[in-house]
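Okay, so here's the structure we're looking at.
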There are 2 protein chains.
Amino acid sequence: MKRKSSVTQKQVAKEAGVSQTAVSLIFNGDTSIRINDDTRKHVLDIADKMGYVPQAAARSLVQGHSNNLALVLLRPHQQVFNDPYIPNIITGFSEVARKGGFRIVVEQIDDASRLSVIRTMLKGGEVAGIVLSGSISSHQEITQLAEEGHPIVALSHSLNLNTTLHNIDIDHVDGVQQISKHLINIGYERIACISYAPAHDEQVQLRIATFQKVLEEHGRRLEPTLIRYGNYDPDSGYTAMKELLAQKQLPEAVYCMNDLMAMGAMAAIRDAGLNIPSDIAIVGYDGMRFAAFTEPPLTTIHAPEVEQGRLAAQTLIDLLHSTSSKSLSAGKTKALTEKVHYLKPKLVIRQSCGWKHKTNTEATTQNEVISIESLSSSQPLLTK
Amino acid sequence: MKRKSSVTQKQVAKEAGVSQTAVSLIFNGDTSIRINDDTRKHVLDIADKMGYVPQAAARSLVQGHSNNLALVLLRPHQQVFNDPYIPNIITGFSEVARKGGFRIVVEQIDDASRLSVIRTMLKGGEVAGIVLSGSISSHQEITQLAEEGHPIVALSHSLNLNTTLHNIDIDHVDGVQQISKHLINIGYERIACISYAPAHDEQVQLRIATFQKVLEEHGRRLEPTLIRYGNYDPDSGYTAMKELLAQKQLPEAVYCMNDLMAMGAMAAIRDAGLNIPSDIAIVGYDGMRFAAFTEPPLTTIHAPEVEQGRLAAQTLIDLLHSTSSKSLSAGKTKALTEKVHYLKPKLVIRQSCGWKHKTNTEATTQNEVISIESLSSSQPLLTK
DNA sequence: ACGTATTACTAATACGTATTAGCTGACTGG
DNA sequence: CCAGTCAGCTAATACGTATTAGTAATACGT
């Protein structure tokens, strides 16, 4: 069980003819205690020559905290990486974490019983803080950990505003409103919806409720027969659309809750010999990279997911610094005054949703596309 | 800089009226030293009541190794998560790592100068071992670390067989052979290729060389004008295809090195008013989930990426156990006898590649699809 | 009754670092 | 010339655990 012996500060000290304390001081660049430049250089040389690397475990032990941040994914294993959502989050998260000198630990939990892993990681000092993604069924324990002072940031968990958790949220209510109003604005009356399972998920319910509200505000009705449930994947979109097509009265437009299911739905419509959008219009949700290249190009909502990952990491790091120095050092805590952050998604109009037949002031023609910049994102949106 | 005080073994010991040693023994379930069942139960009760969680840092320090495994991605930041390759690897990797009681640290390196991070992580004991993905330009240092006894497993790095690194590889030579032979078998003469940049990448060169070789073995020639370079993204596929379409003589078929670029290429062909596959056939590579739902459904190669992640993790863990116990405990090291593992990719035939006009014994009709099982993968392939 | 096992523990130490308190000698101001 | 400062270090200790060596008490066989 022994591991290879690594070079220690003591060995470096001996070789350099100084004390271990000196080596430690030099490596941590402490300014309050001064070290002669010659000595410093000499020690650094020797350390380099000996291949000295500080032992993370010893540092963590004595400093009382790790320099790992965790990304905990409370989602069924299958959902995590099929969809580009989590990869996008990781992209933003790791970018900021790295700049702050942190490593990231990715832990996926599909079973609610394994929720105690979070406690283990935080209380065991494996990580300094965590970002939490996914629907937290019993957040009793989570909230308690947060109240004990463990830095926790949740993603898209705004439904429980009474929580003590910090939360970085994409405003999907706004997104659903944007895209459903767009469909209404074009003039569709009979609009269907391909949603996610499980139907009881808070986020899913919120989205459906918002969709329904917008319809009703504009004199439409969400027919229960026009709601179908998929499971993130294109094939479930295909199946759901098949069911819609089997009904006697077809929908004029279909709102799909993600782009992958929209792709499946479009395939089903094509297979039925119908045209998109003149027979049935389709919109997606997520703004995946390929959405500009489907047949026809897919109208969708671009959610700033990378930015969400970034902001989550930054909030976590701020939180870390604010709890460590009991007296909140001025300024730093700007992001912490508000517990909930909202990021606005953006509508990306392409051909799959059709367009107004009657001219109007802000006509959207077939070839016109709204060009958007994703906020300094490393994932620039493509508009064909 | 202080962190909240956590419950220690000493505190539990005091509360339970035993020594710290006893608590340690009980928690590690050491069988060589026996503890009375009553005492054990009593201590565990108290520990639970006090919310004791072992400190990871202290354990690592005294045991000399961490229980983290790293996944190091030597890739430009942008490439990592746009493509589902890495997410698939993570899926398989984390699945096995978790079962072995390890956490996973994901570290992405885009700058070769930051390659020393690997040294820092391994020698600093942050992680017990690493899985390496991406083209290692200077693997001088990596090999040295491996020779020093640090467990390292590389992914798809088989070009340097002289390496001391263990390697889990997908046999892309086989994959390229399968798909290019399929095109030739259908009867196409003039076949183009949309490749990756950078062109000097070893894997890219190998794939192009293989493609070329297959063509030449079958009396064709890879016209230099028919090679284009994209960058993983659909829009680069679109652009590359536009260029091919601008030439006076069109290709009959195009081999795209991934599915996303194939999507872009298909959009370009449609935009030019041409038909797929009757005017130009398209094949992709990767077997992404949506490939069955493009217009037309995309013929592609399914690479067992999740399985690659799993096998990498398993090999790393085996390696860990074999180096820790100097006397290689029998059996366990089965996977370690061979340094290089190959996983075979599978051809998935759909409509985008067209089909033989003349009947033949093993005719592939428009609607027939080769159904495949991915090897116990949690990502079952979809065939429409 | 006596030596030996066995059970059930405890005391002491090591792991590698950060940190606190202190020590030495040189320089300074008056 | 002496008190005081300060630069440049060192000794000692703490962090929380695993592990080794050892001890006290009981059981056992003869």
Side-chain angles (χ1 to χ4, degrees), chain A residues 1-44 47 50-67 120 123-126 128 324, chain B residues 1-44 47 50-67 120 123-126 128 324:
Chain A
M1 282 297 198
K2 284 282 176 46
R3 198 43 84 231
K4 44 224 124 302
S5 58
S6 42
V7 180
T8 72
Q9 282 185 358
K10 200 193 287 185
Q11 293 173 30
V12 173
K14 192 176 184 183
E15 191 75 12
V18 297
S19 71
Q20 175 263 323
T21 308
V23 180
S24 174
L25 289 171
I26 286 166
F27 266 87
N28 295 325
D30 198 317
T31 47
S32 70
I33 298 188
R34 319 205 69 187
I35 297 283
N36 187 312
D37 278 352
D38 290 343
T39 316
R40 163 173 277 117
K41 196 161 170 299
H42 179 226
V43 169
L44 286 173
M50 296 178 71
Y52 170 73
V53 173
Q55 293 303 107
R59 296 184 111 234
S60 290
L61 176 59
V62 70
Q63 292 186 143
H65 67 268
S66 144
N67 69 150
T120 306
K123 296 203 133 191
E126 288 183 54
S324 61
Chain B
M1 281 297 196
K2 285 281 177 46
R3 198 44 82 233
K4 45 224 122 303
S5 59
S6 41
V7 180
T8 71
Q9 282 185 359
K10 201 193 290 185
Q11 294 172 29
V12 173
K14 192 175 182 183
E15 191 75 12
V18 295
S19 71
Q20 175 264 322
T21 308
V23 179
S24 174
L25 289 171
I26 287 167
F27 266 87
N28 294 326
D30 197 319
T31 48
S32 70
I33 299 188
R34 319 205 69 186
I35 298 283
N36 187 314
D37 278 352
D38 289 344
T39 317
R40 162 173 278 118
K41 195 160 169 303
H42 179 227
V43 169
L44 285 174
M50 295 177 73
Y52 170 73
V53 173
Q55 293 304 107
R59 296 184 111 235
S60 290
L61 176 60
V62 70
Q63 292 186 143
H65 66 270
S66 142
N67 70 149
T120 306
K123 297 203 131 190
E126 290 183 52
S324 61

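Throughout, a chain's letter reflects where its sequence line sits, starting with A, and its residues are numbered from 1. Bear in mind that the values here come from a model prediction, so they are computed numbers and not experimental data.
- With DNA chain C read from its 5' end, the first of the two nearest nucleotides for B:N36 and B:L61 is the one closest to B:N36.
- Across all strands shown, A:T39 has heavy atoms under 4.0 Å from sugar-phosphate atoms exclusively, and none from any base.
- The nucleotide whose nearest atom lies closest to any side-chain atom of A:P54 is, among D:dA18, C:dA11, C:dT17, C:dT17.
- Counting only heavy atoms from C-beta on, A:T21 has its side chain closest to C:dT20 among C:dT10, C:dT20, D:dA18.
- One interatomic measurement links the two molecules: CD of A:Q20 to C1' of C:dT20, which rounds to 13 Å at whole-angstrom precision.
- Looking at B:T120 and B:E126, their side chains come closer than 4.5 Å, going by heavy atoms from C-beta outward.
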Given Watson-Crick and G-U pairs under 3.5 Å, DNA chain D in dot-bracket ([ ] crossing, | other strand) is ||||||||||||||||||||||||||||||

Can you give one letter per nucleotide of nucleotides 22-29 of chain D, going 5' to 3': B for a protein heavy atom under 4.0 Å from the base, S for sugar-phosphate only, - for none?
--------

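- The pair A:R40-A:D37 counts as a salt bridge, with a side-chain nitrogen and a carboxylate oxygen less than 4.0 angstrom apart.
- Atoms CD1 (B:I26) and P (D:dT19) sit 15 Å apart, rounded to a whole Å.
- In this structure, the nucleotide among C:dC9, C:dA11, D:dC9 sitting nearest to the side chain of A:I35 is D:dC9.
- Nearest to the side-chain atoms of A:L25 among the listed nucleotides C:dA18, C:dT19, C:dC9 stands C:dT19.
- For the pair B:S24 and A:G17, nearest-nucleotide mapping onto DNA chain D gives the more 5' position to A:G17.
- Counting only heavy atoms from C-beta on, A:T8 has its side chain closest to C:dG16 among C:dG16, D:dG16, D:dA18.
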